[in-house]
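Have a look at the structure below, then the notes.
Because only heavy atoms are used, hydrogens play no part in the values below, and waters and symmetry mates are left out as well, while side chains stay in. Chain letters run A, B, ... following the sequence lines, proteins first and then strands; every chain starts at 1.
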Amino acid sequence: MAEENNTKPSNFIRDIIEEDIKNNKNDGRVHTRFPPEPNGYLHIGHAKAICLDYGLAEEYGGKYNLRFDDTNPVKEETHYVEMIKKDIRWLGFDWEDREFYASDYFDQLYEFAVRLIRDGRAYVDDLSAEEIKEYRGTLTEPGKNSPWRDRTVEENLDLFERMKAGEFPDGARVLRAKIDMASGNLNMRDPVMYRILHAAHHRTGDKWCIYPMYDWAHGQSDSIEGITHSMCDISFEDHRPLYDWFLDQLGIHHPQQIEFARLNLTYTVLSKRKLIQLVKGERVSGWDDPRMPTLSGLRRRGYTSEAVRCFCDRIGAAKRESIVDVALLEHILRDDLNKSAPRVMAVLNPLKVIIDNYPEGKVEELEAVNNPEDPEAGTRKIPFTREIYIERDDFLEDPPKKFFRLSPGREVRLKHAYFIKCEKVVKDDRGEIVELHCTYDPATKSGEATDGRKVKGTLHWVSAAHAADAVVRLYDRLFIKENPLEDEDFMSNLNPDSLEILTGCKVEPSLSEAPVGSRFQFLRHGYFCVDSTDSKPGAPVFNRTVGLRDSWAKIQQG
RNA sequence: UGGGCGAUCGUCCAACGGUAGGACAUGCGGCUCUGGACCGUAGAAUCGGGGUUCGAAUCCCUGUCGCCCAGCCA
């Protein structure tokens, strides 16, 4: 698609991989993984991670795995794994048969833990959660050793076994790594490896009542799968010493963890915790609300996966925190849609126009180009009659300077049809314009005047008798501030006008049966797609994906 | 006197001791049967201070600013 010259910018991760290949590290293999927790939907920030994980593997002829990080049964659901898989497939990635779950490794992880206990590197702690917190110390003061830290290997083995057997209630004991309670890195102050959780797991059912913590599960899972480069976001940077420690203690294959900055986008929030608040608080219609930055939301909004991927390539990868201008995403989207979306005419806010000198009852089938950017797209016929609808905004009784559209006495072109001139304005009792009377020039058929005279404006229109009714939903940014998080209560920055629903819109007749998900450019408006859940044949619902660039709007503002 | 990370146009990313470059955004012009697309053009940056070097965004020292970490979440 759009990708200008398909030379992706270099980045520090690519540098590391190339260096590793050069040094024949891991026998020159590149094997990555994307490790989502099935506790929510994927958003465009995840797309960045996926494109990095999977894109880099593809680029260097390697493999990539999908691994669900399902170590916390109380938050995770099968529904989320299905949706996550759907979204990744939509992006166009195929993990083949390498679909794994951290829970696949629970037995192995348990074995590893026993090994660490035997080596005197892990112990069962009876301290309560609150006590562990107290013993941990603070950011500036060292922690204290737990009184249970020096239990014998035998006692630890026995207790750990009984933890697994379900002898103790939730929270009674944990297994901790024995590292250094005085470390400046809090992650190294004897981190918890296992906690007791008598909860059913979406895959392992009731088999386990102890569950591994992220730090304990993640690196070992990477190792088991033979991962070479394990990318994650920078918040895990100070977990890397622990990641390395576990692997070194065990003496098993040691992948390299590499951290990059997560994506931030202007006028939106990208954190599962915040997004779930929007969903649960019913500020949006669901995870796939077209205003959501989730992949399912973007898809329903009409985004193409190509545009999302191209965006991820274009923003690059670095370690510094940043906020990408959503205008870049929209630019890439338009660029893609401009080449592929068929043009059609849709009148969102109709104003009736009667062409007085056009024969009553006559119907002309005019030829219209489907996509000027794509000759292959061909042409179609559209009906023209005496009564048509134009956009209310395209008429002004008292036009300002630079207004090129219709006004009394002025002539404009009807796209693909004739020049018309406004002769009379009809108003109701309240002074509201109800209809316009115009005349047309038969010598301007298909939009060109034989005498060479020019018009400044070209309007879109639909034949009143033939038009189909449609509902059109105009979406705008979800938040009013570039950075909605700059205020304590980000919800207060929600854009009250993020959705405007228009009914009684008039569209070309063929659009009435347009298939769900199909995308169009509504001439002079923007790109729209048929909504996947609310649209019905004969009663179409269109979502505005993104508007056209609007220089007229800029002139008006300035 | 806890630990870690980061700082380049308004924004995002490059430049790996050798002319600071691209994209988005913005301004101006052109073209146009979409006030779209397209074409052209302009302005716009190396956090501060020292040092090394023929030469520093890059190496060294120092300062400043920003972010992350005290879940039995990931």
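Remark: of the listed residues A:Asn483, A:Val326, A:Leu329, A:Val326 is the sole one forming a side-chain contact (heavy atoms from CB on, under 4.5 Å) with A:Thr266.
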Can you check nucleotides 39-45 of chain B for protein contacts, nitrogen or oxygen pairs under 3.5 Å, and list what you find?
none

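Computed from coordinates, the A:Arg314 CZ to B:A14 C1' distance equals 14 Å when rounded to whole Å. Rounded to a whole Å, the NZ atom of A:Lys415 is 14 Å from the P atom of B:A37. At whole-Å resolution of the value, CZ in A:Arg320 and P in B:A15 are 11 Å apart. To the nearest angstrom, P of B:A25 lies 14 Å from CG of A:Asp550. One atom, CZ of A:Arg343, and another, P of B:C38, lie 11 Å apart when rounded to the nearest Å.
Aromatic ring centres of A:Phe542 and A:Tyr527 lie farther apart than the 6.0 Å criterion allows. A centroid separation of less than 6.0 Å is found between the aromatic rings of A:Phe68 and A:Tyr101.
Only the C1' atoms considered, B:C47 is 11 Å distant from B:G66, to the nearest whole Å. With P as the reference atom, B:C59 and B:C16 are 11 Å apart, rounded to whole Å. With C1' as the reference atom, B:U46 and B:U19 are 15 Å apart, rounded to whole Å.
A:Thr304 contributes atom OG1, which lies 10.0 Å from atom CG of A:Leu298 (distance to the nearest 0.5 angstrom). Distance check: A:Leu265 CG to A:Asp325 CG gives 8.5 Å after rounding to the nearest 0.5 Å.
Look at A:His331 and you'll find a side-chain N or O under 4.0 angstrom from OP1 or OP2 of B:C24. Side-chain nitrogen and oxygen atoms of A:Ser322 include at least one within less than 4.0 Å of the OP1 or OP2 phosphate oxygen of B:C13.
Applying the salt bridge (charged side-chain N to carboxylate O under 4.0 Å, His left out) rule to A:Glu37 yields no partners; only residues at least two apart in sequence or on another chain are considered. For A:Asp487, the salt bridge (charged side-chain N to carboxylate O under 4.0 Å, His left out) partners are A:Lys481, not counting sequence neighbours. The side-chain hydrogen bond (donor to acceptor under 3.5 Å, both in side chains) check on A:Asn145 picks up nothing, with sequence neighbours excluded.
In secondary-structure terms, RNA chain B builds stems of at least 3 consecutive Watson-Crick or G-U pairs, each pair having both distances under 3.5 Å, at B:2-7 with B:64-69, B:10-13 with B:21-24, B:26-30 with B:38-42, B:47-51 with B:59-63.
Salt bridge absent: A:Glu134 and A:Lys144 never bring a charged side-chain N and a carboxylate O closer than 4.0 Å.
Taking the syn range as angles within 90° of 0, the glycosidic angle of B:G71 is syn.
Below 30°, between 30° and 60°, or above 60°: for A:Phe106 and A:His201 the angle between ring planes is above 60°, a perpendicular geometry.
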**Message:** Output one letter per nucleotide in nucleotides 66-74 of chain B: B when a protein non-hydrogen atom lies under 4.0 Å from the base, S when only the sugar-phosphate is that close, - when neither is.
**Reply:** -S-BBSBSB
